[in-house]
K.L.:
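First, the structure itself, so that you have it in front of you.
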Amino acid sequence: MVNNIYIAKIFNEYADLIEIEGANRFHVNAYRNAAYNILNLPKSVEDMIREGRDLTEIPGIGKELAEKISKIVETGSFPKFEELTGRMPLELIEITKIRGLGPMRTASLYKELGIKSIKELEKAAAEARIRSLRGFDSKLGQAIIEGIKQREVAKKRFKLSLAQSIAQPLVEYLKACEGVKEEEIAGSYRRGRETVGDLDIRAVPQVSYGAALCYFTGSKEHNVALRQLALEKGYEYLAVSDHSKRLTVARGLNIERLARQIGEIDILNEKLDGIVLLKSIEVDINTRSSHRENGKHEGAL
DNA sequence: AGGCTGTACTG
DNA sequence: CAGTAC
DNA sequence: GCCT
DNA sequence: TGCTG
DNA sequence: CAGCA
């Protein structure tokens, strides 16, 4: 049985290998993107084929990849992948995952020193042999040795509950630190994922807090989509439409915070060139409200 | 044909 | 500037 | 390689 | 409308 | 998507 996970894995491995080989990066990315989409498909690709569906319907899958998927489902692999794995060790991919070692340096290690496994890498690093390569120095060599040790530990994800028990005291500590105005744990932790890979700590100037929080909360796919949309829109305007206090799960704005947000946006509009910030708030209309209190900020909006 | 997220850090 | 990480 |  | 770049 | 048949 060839499931989606398997297909995605093959594509990811293929992407890694051709990347080490020096393939065009967009080309590489097409495979990664395809793998991602297949992995998140609510339907089994195998079933789709059985039903005679066109695999090209899957986002990120074109004629070429549809063909390769068919081959994978039929035979468990596809010709180019077989050819590649016959020529390159799959373990190079593991090397790629060590901090500081991307596709280029991995390729260099392989070509120049014949390093094709973590074991060999560890040995070469310990013997300071890798320093001879361009782009390597003793500091990187040390980092690699550390990275190999850390590798096993780092690749495990934690359950959210465990992450919380670690994050909570961390936040308390940060709060007490000099110069810390606001703090929040971002990433998959903030998105409430079931498991969390790490807790990134990052300090930014206060003016960047909002943007940084958006970016570091992610996910990566969200960020990519968000920016692509912004690009398509040509940066003409950006709308900030918040919730009122009624929506407690979103920590909606009360009158005071709304006023402050309006002020902030007005100031930004003065400074910004080429993009207009729009502002609004989504509210409930209560038939019995006087409309006077709530209308206070209508003009500003 | 032409774009594909965008930026900081490190060697 | 190239390579890498996020 | 895929997408517009 | 369908194909090409 | 723009350009073209």
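Any value given below was found using the heavy atoms of this structure, including those in side chains, with hydrogens, waters and symmetry copies removed. Every chain is numbered from 1, with letters handed out A, B, ... down the list of sequences.
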K.L.:
Between D:dG1, B:dG11, C:dT4, which nucleotide has the shortest distance from any of its atoms to the side chain of A:R105?
P.N.:
C:dT4
K.L.:
Touch check for A:I98, heavy atoms < 4.0 angstrom, all strands: base, sugar-phosphate only, or nothing?
P.N.:
sugar-phosphate
K.L.:
Return the nucleotide paired to B:dT5: Watson-Crick means purine N1 to pyrimidine N3 with N6-O4 or O6-N4, wobble means G-U with N1-O2 and O6-N3, both under 3.5 Å.
P.N.:
none
K.L.:
Take the protein atom CZ of A:F136 and the nucleotide atom C1' of C:dG3, then report the distance between them rounded to whole Å.
P.N.:
10 Å
K.L.:
By the 4.0 Å heavy-atom rule, please label A:L140 as base, sugar-phosphate, or nothing.
P.N.:
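Contact class for A:L140: none.
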K.L.:
Using the C1' atom as the reference point in each nucleotide, state the distance between B:dG3 and E:dG5 in Å, no decimals.
P.N.:
14 Å
K.L.:
Starting at CG of A:L65 and ending at P of D:dC3, how long is that distance when rounded to a whole Å?
P.N.:
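Going from CG in A:L65 over to P in D:dC3 covers 9 Å.
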K.L.:
Looking only at side-chain atoms of A:K139, point me to the closest of B:dT10, C:dT4, B:dC4.
P.N.:
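Selected nucleotide: B:dT10.
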K.L.:
Just the rounded figure in Å: distance from C1' of D:dC2 to CG of A:D54.
P.N.:
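Between C1' of D:dC2 and CG of A:D54: 14 Å.
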K.L.:
Might you confirm whether atom NZ of A:K9 has over 12 heavy atoms from other residues, nucleotides or ligands at distances under 6.0 Å?
P.N.:
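It does not: A:K9 NZ has 12 such atoms or fewer within range.
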K.L.:
Donor-acceptor check, side chain of A:R193 to backbone of A:S188, threshold 3.5 angstrom: yes or no?
P.N.:
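Checking the backbone N and O of A:S188 against the side chain of A:R193, no donor-acceptor pair under 3.5 Å is found.
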K.L.:
Assign A:D137 to base, sugar-phosphate, or nothing according to its heavy-atom contacts below 4.0 angstrom with the strands shown.
P.N.:
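Sugar-phosphate: the residue A:D137, judged by heavy atoms under 4.0 Å, touches backbone atoms but no base.
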K.L.:
What integer distance in Å separates A:I18:CD1 from D:dC2:P?
P.N.:
12 Å
K.L.:
Find which nucleotide of DNA chain C each of A:R134 and A:F216 is nearest to by heavy atoms, and output the residue with the more 5' nucleotide.
P.N.:
A:R134
K.L.:
Using the C1' atom as the reference point in each nucleotide, state the distance between B:dA1 and E:dT4 in Å, no decimals.
P.N.:
9 Å
K.L.:
Within the 4.0 Å heavy-atom criterion, would you say A:K68 contacts the bases, only the backbone, or no part of the nucleic acid?
P.N.:
sugar-phosphate
K.L.:
Is the ring pair A:Y14/A:F78 parallel, tilted or perpendicular, if the boundaries are 30 and 60 degrees?
P.N.:
perpendicular
K.L.:
Looking at D:dG1, C:dG3, B:dG6, which one has an atom nearest to any side-chain atom of A:E64?
P.N.:
D:dG1
K.L.:
Report the distance from atom CG of A:L55 to atom P of D:dG1, rounded to the nearest whole Å.
P.N.:
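From A:L55 CG to D:dG1 P: 16 Å.
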K.L.:
Measure the distance from CG on A:L101 to P on B:dG11 and round it to the nearest whole Å.
P.N.:
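So the CG-P distance, A:L101 to B:dG11, works out to 13 Å.
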K.L.:
Take atom CD1 in A:I166; do more than 12 heavy atoms of anything else shown fall under 6.0 Å from it?
P.N.:
yes
K.L.:
Assign A:Y215 to base, sugar-phosphate, or nothing according to its heavy-atom contacts below 4.0 angstrom with the strands shown.
P.N.:
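The residue A:Y215 makes base contact.
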K.L.:
Search all heavy atoms of A:L213 against all heavy atoms of A:A186 and return the closest pair with its distance.
P.N.:
CD1-CB, 4.4 Å
K.L.:
Using the P atom on both, measure B:dG6 against D:dC2 and round to a whole Å.
P.N.:
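One P to the other, the span is 22 Å.
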K.L.:
Take atom CG of A:N29 and atom P of B:dG6, then tell me their distance rounded to the nearest Å.
P.N.:
13 Å
K.L.:
For A:E67 and A:K63, run salt bridge (Lys or Arg N to Asp or Glu O under 4.0 Å): C-alpha distance rounded to whole Å, both residues' side-chain angles, the deciding distance at 0.1 Å, then the answer.
P.N.:
CA-CA 6 Å; A:E67 185 59 37; A:K63 197 175 159 228; over 6 Å; no
K.L.:
What is the distance, to the nearest angstrom, from the CZ atom on A:F26 to the P atom on B:dT5?
P.N.:
7 Å
